[in-house]
Amino acid sequence: MRAIVLLCLLEAAFADMIYHWDGPGRVAPDPNTGNACHTDPGSCGCCLMQQKIHRLKMYLNGTLNTLEKEYLEAKQSLHIIETSRTAFSVGLYSDDRAMCYGPYDFNSLIIYKQVFLNLGGNYNVETGIFTVPRSGVYILAVTIYSDAGAPGAKLAICTSLQVDGQVVVGTKDVNTYDQEDSATIVVALHLKAENQVAVNLPKGCFLCDDNSHYNTFSAFLLYATE
Ligand SMILES: *[C@@H]1O[C@H](CO)[C@@H](O)[C@H](O)[C@H]1NC(C)=O
């Protein structure tokens, strides 16, 4: 800005020397008489330049305002992404011994005790329930394994993934010709904040595991929708 003002002054001075210099003691043109552009081309150029500078300033101010607004929006989105990090992965037992979970003569929620990851702390290791922290699209996965114990014994490997007590997807294999079996559920769901997600073990079914962690339950937020 200072440089431009100086340019203006220089231009005025230069124009003076060429067109209006009448020697020492000359009287400056009166800006009130007639058009200043005719009487003083130097200051006219300066005035035009100032108008252009003003327009440029307005343009730049507008652009800056737009950029600032977009920057704040992007920053806010990033903040939402950072504060909604949610992921957990749990296994059935934290014990080294081979054990089976069930069968029970009632439906029950599976309480996974081995926590591999519980980012956000939304999986409750006492209840087996994942409470959805914020609405969004989640990926959920359940892998199960069971062992009937002996050839010809009855295998009953089944579970269901539930949201607020309602079965969303299930897996089931009951027979006497497989001693061992496994199954996996993977699903993307649009869940709402406060939804309770858990894995149900239906009546009569049982899962077996050891320190290899064949039975896992995992979920993570793909993206938040609010
Ligand atoms: C630039 O824009 C802001 C926001 O509209 C306004 O408050 C400010 O006065 C403007 N500045 C200039 C120099 O026009």
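- Residues forming a salt bridge (charged side-chain N to carboxylate O under 4.0 Å, His left out) with Lys69 (at least two apart in sequence, or on another chain): Glu73.
- Heavy atoms from other residues, nucleotides or ligands lying under 6.0 Å from CD of Glu194 number 12 at most.
- The stretch residues 122-138 participates, sequence neighbours left out, in these side chain to side chain donor-acceptor pair (under 3.5 Å) pairs: Thr131-Gln196.
- Cluster annotation: Phe217 and Val169 are assigned to the same hydrophobic cluster (Ile/Leu/Val/Met/Phe/Trp/Tyr, side-chain heavy-atom contacts under 4.5 Å, transitive).
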Stepwise side-chain contact (heavy atoms from CB on, under 4.5 Å) check, Lys52 with Arg55: CA-CA 5 Å; Lys52 280 186 183 162; Arg55 277 202 293 272; 3.9 Å; yes
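- Side chain to side chain, Thr159 and Thr171 fail the donor-acceptor criterion of an N or O pair below 3.5 Å.
- The line from OH of Tyr112 to OG of Ser94 is 14.0 Å long, rounded to the nearest 0.5 Å.
- Hydrophobic cluster of Val137: the remaining members, joined at side-chain heavy-atom separations below 4.5 Å, are Ile139, Val186, Phe220, Leu222, Tyr223, listed by chain and number.
- The hydrophobic cluster containing Val187 also contains Ile144, counting ILVMFWY residues as joined when their side-chain heavy atoms lie under 4.5 angstrom apart, directly or transitively.
- Across all their heavy atoms, Val174 and Cys158 have their closest contact at CG2-SG, 4.4 Å.
- Summarising the local packing, CD of Glu82 is surrounded by more than 12 heavy atoms from other residues, nucleotides or ligands at distances under 6.0 Å.
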For residues 206-215, which side-chain N or O atoms pair as donor and acceptor with protein atoms under 3.5 Å away, sequence neighbours left out?
residue : atom : partner : partner atom : Å
Asp209  : OD1  : His213  : N            : 3.2
Asp209  : OD1  : Tyr214  : N            : 2.9
Asp209  : OD2  : Tyr214  : N            : 3.1
Asp209  : OD2  : Asn215  : N            : 2.9
Asp209  : OD2  : Asn215  : ND2          : 2.9
Asp210  : OD1  : Ser212  : N            : 2.7
Asp210  : OD1  : Ser212  : OG           : 3.3
His213  : ND1  : Tyr93   : O            : 3.4
Asn215  : OD1  : Tyr145  : N            : 2.9
Asn215  : ND2  : Cys208  : O            : 2.8

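- A 4.5 Å side-chain heavy-atom check between Leu109 and Ile129 finds at least one atom pair inside the cut-off.
- Counting only distance, with no hydrogens or angles, the side chain of Thr63 and the backbone of Asn61 share no donor-acceptor pair below 3.5 Å.
- The cluster map of Ile, Leu, Val, Met, Phe, Trp and Tyr, joined by side-chain heavy atoms under 4.5 Å apart, puts Leu119 and Val115 in different clusters.
- Closest approach of Asn200 and Pro202 over heavy atoms only: O-CD, 3.4 Å.
- Across every non-hydrogen atom of Lys154 and Ala148, the tightest pair is O-CB, 3.7 Å.
- Applying the salt bridge (charged side-chain N to carboxylate O under 4.0 Å, His left out) rule to Asp95 yields the partners Arg97; only residues at least two apart in sequence or on another chain are considered.
- Side-chain rings of Phe116 and Phe88 stay apart, their centers remaining 6.0 Å or farther from each other.
- Rounding to the nearest 0.5 Å gives a distance of 4.5 Å between CG of Asn175 and CG of Asp178.
- With a 4.5 Å cut-off on side-chain heavy atoms, Gln162 and Val168 do not count as touching.
- Both Phe106 and Ile157 are part of a single hydrophobic cluster, where members link through side-chain heavy atoms under 4.5 Å apart.
- When all heavy atoms are compared, the tightest approach of Thr86 to Pro133 is OG1-CG, 3.4 Å.
- Looking at Ile185 and Leu140, their side chains never come closer than 4.5 Å, going by heavy atoms from C-beta outward.
- The distance from atom NZ of Lys203 to atom CG of Asp105, rounded to the nearest 0.5 Å, is 7.0 Å.
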Derivation of the side-chain contact (heavy atoms from CB on, under 4.5 Å) call for Val90 and Val125: CA-CA 9 Å; Val90 290; Val125 77; over 6 Å; no
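- Distance check, rounded to the nearest 0.5 Å: NE2 of His79 to CG of Leu72 gives 13.0 Å.
- Scored by the ring pair (Phe, Tyr, Trp, His ring centres under 6.0 Å) test, Tyr71 finds no partners at all (sequence neighbours excluded).
- Between the side chain of Tyr101 and the main chain of Ile111, a donor-acceptor pair closer than 3.5 Å is present.
- Atoms CG and CG, on Leu155 and Asp173 in that order, are 6.0 Å from each other to the nearest 0.5 Å.
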Criterion side-chain contact (heavy atoms from CB on, under 4.5 Å) on Val197 and Leu161, from CA distance to verdict: CA-CA 7 Å; Val197 184; Leu161 181 70; 4.0 Å; yes
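- Note: Leu117 CG to Ser218 OG = 8.5 Å, rounded to the nearest 0.5 Å.
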